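One structure is given here, and the rest of the page talks about it.
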Amino acid sequence: MSEKTSELSMLEAINETLHSEMARDDRIVILGEDVGRNGGVFRATEGLIEKFGDTRVVDTPISEAAIAGSSVGLAMAGLVPVAEIQFLGFSYQAMHQIAGQIARLRYRTQSRFEPQITIRAPFGGGVRTPELHSDSLEAQFANIPGLKIVLPSTASDAKGLLTSAIRDPDPVLFLEPLRGYRGIRDMVPDDEHVVPLGKANLVKKGDDVVIISWSYQVELSKRVADSLEKAGISVAVLDLRSIVPLDIEAISQIVTHCGRVVVVQEAPETGGFASEVIATINDECFWSLEAPVIRVSGFDVPYPVGMLENLYVPDEERIRLAVLKSLEGS
Amino acid sequence: MSEKTSELSMLEAINETLHSEMARDDRIVILGEDVGRNGGVFRATEGLIEKFGDTRVVDTPISEAAIAGSSVGLAMAGLVPVAEIQFLGFSYQAMHQIAGQIARLRYRTQSRFEPQITIRAPFGGGVRTPELHSDSLEAQFANIPGLKIVLPSTASDAKGLLTSAIRDPDPVLFLEPLRGYRGIRDMVPDDEHVVPLGKANLVKKGDDVVIISWSYQVELSKRVADSLEKAGISVAVLDLRSIVPLDIEAISQIVTHCGRVVVVQEAPETGGFASEVIATINDECFWSLEAPVIRVSGFDVPYPVGMLENLYVPDEERIRLAVLKSLEGS
Amino acid sequence: MSKPNDEQLQMIFEDMVIARTQAGRLWNMQRQGQVGTIAPIDGHEAAIVGAVHALQTESDWVLPQYREPLGLRKYGPEVLDAFMLYNLGHPLGGHIPDPVKVVPSQISLAASIPHAVGLAWGMSLKNEPGVVLVFFGDGASSEGDFYEAGNLAGVLKAPVIFLCVNNQWAISTPTNLQTAAKDFSSKAAAFGIPGVTVDGNNPSLVYEAVSEAREHAVNGQGPTLIEATVYRLGAHTTADDPTRYVPAEDLSAAQKNDPLLSLLQELKNKNLWSDDKQEEVEKAALERLDEAFEKAKNTPLLTDSLLDHCFASDTSRLARQREQLSRSMEKSHE
Amino acid sequence: MSKPNDEQLQMIFEDMVIARTQAGRLWNMQRQGQVGTIAPIDGHEAAIVGAVHALQTESDWVLPQYREPLGLRKYGPEVLDAFMLYNLGHPLGGHIPDPVKVVPSQISLAASIPHAVGLAWGMSLKNEPGVVLVFFGDGASSEGDFYEAGNLAGVLKAPVIFLCVNNQWAISTPTNLQTAAKDFSSKAAAFGIPGVTVDGNNPSLVYEAVSEAREHAVNGQGPTLIEATVYRLGAHTTADDPTRYVPAEDLSAAQKNDPLLSLLQELKNKNLWSDDKQEEVEKAALERLDEAFEKAKNTPLLTDSLLDHCFASDTSRLARQREQLSRSMEKSHE
Ligand SMILES: Cc1ncc(C[n+]2csc(CCOP(=O)(O)OP(=O)(O)O)c2C)c(N)n1
Ligand SMILES: Cc1ncc(C[n+]2csc(CCOP(=O)(O)OP(=O)(O)O)c2C)c(N)n1
Ligand SMILES: [Mg+2]
Ligand SMILES: [Mg+2]
């Protein structure tokens, strides 16, 4: 396999992956609102209907529950549905199918049926969307056993993780950061690229503090880590990549090494996935902690309107202050 | 006000509270599946339709989303809906209305509309129900800003907290443990009884370890604490009563006092509310901890079928082992 | 053409008798604490068995709600075997083995309707023959899932048959509080598909309607919504007390229309059934039930079952939990 | 009787012109980055304004989807004022003050339909006069919420009017992929309520249909489903490129049916409208928009707004977050 790479936006990487996976596996069916003729409202599915036809790339009625629910049936028929929910907030309309059915299909039938189902959905703030478009709901899904939850932070990972997600025999919720669609660009392998699910990525080594994060917040965390490096503070950044499966070993290792931890999430603080990271650290390496873990989160209010967004979403400044605070604590 | 009390089951306490609140406030409307003529599948609403008529006690079609969604409209009309979702697992069908609408009504309209809405739902295991009847979903709701989440563990609290929930200007999810309906009986004040939302209850004092819990697990925790007391171990039990609002002060206080903590929940471990309790302890009183907090949880699988239930649901033995483990750690 | 012939009618009646007989025994077993909650089939036999006999077991899928399993004998003994495991709360109760084209009971009302549509859609994408039939109740028809799936199926022309068994009750809620629609089949207009109401106490009419819907579907003409009207003769489930809400006169009227009574008479008149035959069928039905029950009771329950089959392979969290589980089981056996 | 008279028709047309004029200006403002994403009203004016003019603003509620606000002038200037705040992303954009009986835009498709039913139900429980009218699109009609709410309203006979504005598109999805139903009003059969399709380019017909539905509702006869057929003349929103999927010939045909054109001719023929009048109305519309925009821009944004109005009073968690927020804002200003 060649080592050639090209610089792509995360959106381009996703689109390319859908093209190559559909070409590889003719069981794959793409379904969702506006995924066909329009190529998706963000163009993630651009060109697919032209290449694979309107029986494999299907514009559905506006029925999130039916999109998720019919995916169960498609999987039962031996197909591989890759569904799009236009914005993650509208997965609430399909919650009884995602949580109540997709996540349980294997368990309740003791593997008679394999839920090889991928649900892609954009989410996350910073782009002044209307309500319910930006909300970070990953923690709510993480408490639903049977779902894998994958959140890439680079274009290259988007390709590698989406490839794994589609091929995975379990249902995967693949969450794409709106800000990253065009805002994140990096070198992506041209050929097949597989990043296994459940392996975190230590995107930056460091000794004094580790920032643990996922999705777009990794991008911000890297910037903070780089700028603090110049000030003589050695900050590691761990990108979880998936929160289920959770790479407990990687968390343990870097926390044990650094002793100080900041967890950054965009979701509301209460019950956000940062709490689970803290609980996991408590379980695994409590005695390594030299200070309490610091959480940086959204606030405990619904994702706000555009003018308030900058106050809500964690920014570099809030992450920087958290790192400094973590260094103070002892 | 008299101090008279009567011994009631939790179910009787709930039923009595609904009767007295409906008599007090004629804006209250009860709606849900089988709540009228049948008095609810567990008889929680027994006798209401006879007393208050079928315009205030309404048997709805089987449409959880419409039950929750029309509650929004009823509240906009100035009424006080007290809706029942027959089993919490079916709140997934209404998630877009509960999380997307009810929880946000005040925020998105900047208090033009007041969401004085109570949703009652039974949940929790131990009674061999079919699937989706027993699942503990409280953590998923806790990550939805704008909802209060109340989980009584005694009949007396059920009365006092349900009274507060119905009168509260914010939406309250009132979660009733199936095992407690008939399995929990205690002395309940005959007259009006109001327990404020957001105040935890230190149901047992103790010095060595504290068990923090909510809903039916408090009952189990008390038994474990009592039995360990005889073995010379002094175990406190804190009943959170509501997870939103969370009584951060009460948690801090008792954790600071004991230094060792066990958190018991029936929900799956990953992303369960125990994680938030641990994160809160980390925030507030990290330095008081003499050992890692121990979690006792359900497992990361869907709530299982009847024959496996006893393995899944935390029992006294698992709690006891956790307390002992917490005492070992140092 | 699409009416059942005498031989078929006899087989249908046999399956109806078996279902009724086994249901009675199951009810008693529940009362004795041998099995969990049961939703009796009484009154629904003609609708269920009549429909199933119009299907081809090799190609056509059946997605039941929860009241149907005893009526699915045509699909083979595996259905009853799994059902008995299910009634014991055994995890394998959810596993009806390949190649039996029956899906386990669905507790979440209407949730299997979009599954049926997806399955039918998938079959047509794969050019597989056959159709999908999904059972659901009058109550389940009020769920968004029914409408979203029906609408999607209409657009896709998926080869699916929506069979609404209207037994007049959803637990305690009568149909006039469930919907103001003229009848349940008129909801087909919302999907642009044919809708038909048939007397579900008459298995021939149900058979005929399902046969026609099947023809329609395999010819690429898309779904049909069939309402089969019956009357729930028993309780909602063993946990229910219908005397609280079912008018006694309605029940006794319905009992006179018991689907087994009129067909029994018809078959007897045609010399296709006899008291001896009846006795023989009932006896065999009970033996079969007992056999399935014994088999179920003797199916080992592995502790591993708790954590198996959540994911294809353990996450590291699950692996830790597996260890915890076996450690805590050891400790508690100490 | 329920047709608008000439004076009313003139007022309707005036509101249509205002809506179209303001929409054009808003589009440009969005292009210049002055406001956020806009969903243009172009092509929908007759349906929206015609419907609203059949209502009583003192007693009747309107629940818009998101395309309607510019057409709700009859409900008072507060609607536009809030809409401009909304377009700026100001939290007060969601607060249309009492006693204006208009609810802010709903982004979650169909989610306001059960609200409308609950509100209407509540009004009838309180013996309040009036009805509730809820707007939604052809696309939104595929959501479970529409069906569940419609069915519930049918049972309750709630005084609600379901107004489906079928503009032939849901973003890029044409109606034939949205449903196989004959038309959107035929979905009323699923709820057992009357359904009617009207030419939504003709405000008189819409006015008439809404007036009749209103009569029906206030007389206790329950809900009506009205489909108003129009054509979306612009993009879905400022973020959309309709040339990717709208056939050019369909669009130009629709432009010939522009609801403003035929009514303009009719009113001119009746001497109820003139070019001067047109100019005057357009000028005032733009002034009014600019005024609302200025007002919105000058509405202070309080930092507290981020955490206010989530609960009636702060939880201790929120109180801590409020402190954190002000501390981090201080620090970042250091
Ligand atoms: C989504 C959902 N909501 C509520 C329930 C609780 N429930 C179980 S059976 C039932 C009544 C179902 O009535 P119907 O669909 O007519 O079927 P029947 O029992 O009459 O055969 C209800 C409300 C459920 N299982 N699923
Ligand atoms: C529940 C939900 N799903 C998806 C979306 C994304 N979305 C926004 S507008 C739209 C199309 C709506 O079409 P229609 O209801 O016909 O209204 P129109 O825009 O044509 O006026 C979609 C799919 C949404 N806002 N809400
Ligand atoms: Mg029924
Ligand atoms: Mg439209």
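The chains referred to below are lettered A, B, ... by the order of the sequence lines, with proteins before strands, and numbering in each begins at 1. Quantities reported herein were computed from a predicted structural model and do not represent experimental measurements.
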With respect to chain A, which residue among Ala267(B), Pro302(B), Ala139(B), Ser91(B) yields the maximal number of heavy-atom pairs within a distance under 4.5 Å? Pro302(B)
Most chain B-contacting option - heavy-atom pairs closer than 4.5 Å, from Val263(A), Val277(A), Asp135(A), Ile243(A): Asp135(A)
Any Trp287(A) side-chain heavy atom under 4.5 Å of Pro292(B) side chain: yes
Heavy-atom distances under 4.5 Å only: say whether Thr280(A) touches chain B with side chain, backbone, both or neither. both
Sidechain-backbone polar pair: Glu276(A) side chain, Gly271(B) backbone, donor-acceptor under 3.5 Å: yes
Correct closest heavy-atom pair for Pro145(A) and Pro268(B) would be CG-CG, 3.6 Å
Could you have a look at Gln93(A), Glu64(A), Gln97(A) and say which one has the most heavy-atom pairs with chain B under 4.5 angstrom? Gln93(A)
With a 4.5 Å cut-off on side-chain heavy atoms, are Val301(B) and Arg104(A) touching? no
Mind checking what makes side chain to side chain donor-acceptor pair (under 3.5 Å) contact with Asn282(B), not counting sequence neighbours? none
Measure Tyr92(A) against the heavy atoms of chain B and call it side chain, backbone, both or neither at under 4.5 Å. both
Taking every non-hydrogen atom, the tightest pair across Pro304(A) and Tyr107(B): CB-OH, 3.6 Å
Phe174(A) meets the ring pair (Phe, Tyr, Trp, His ring centres under 6.0 Å) criterion, sequence neighbours left out, with none
Begin with the C-alpha distance, continue with both residues' side-chain angles, and end with the deciding distance and a verdict on salt bridge (charged side-chain N to carboxylate O under 4.0 Å, His left out) for Glu131(B) and Arg108(A). CA-CA 9 Å; Glu131(B) 59 184 341; Arg108(A) 67 193 293 272; 2.7 Å; yes
Quick check for you: among Ala99(B), Gly146(B), Ala103(B), Ala94(B), which has the greatest number of heavy-atom pairs under 4.5 Å with chain A? Ala99(B)
Between Asp300(A), Ile144(A), Thr270(A), who has the most heavy-atom pairs with chain B when the cutoff is under 4.5 Å? Thr270(A)
Does any heavy atom of chain A fall under 4.5 Å from the side chain of Leu289(B), the backbone, both, or neither of them? both
Is Ser297(A) in contact with chain B via its backbone, its side chain, both, or neither, using a 4.5 Å heavy-atom distance? neither
Partner chain A: residue of Ile294(B), Asp283(B), Leu246(B), Val293(B) with the largest heavy-atom pair count (under 4.5 Å): Val293(B)
Would one find more than 12 heavy atoms of other residues, nucleotides or ligands at under 6.0 Å from atom CD of Gln253(A)? no
As an exercise: rank Glu269(A), Gln140(A), Met95(A) by heavy-atom pairs under 4.5 Å with chain B and give me the winner. Gln140(A)
Measure the CG-CG distance between Leu137(A) and Asn143(B) for me, rounded to the nearest 0.5 Å. 7.5 Å
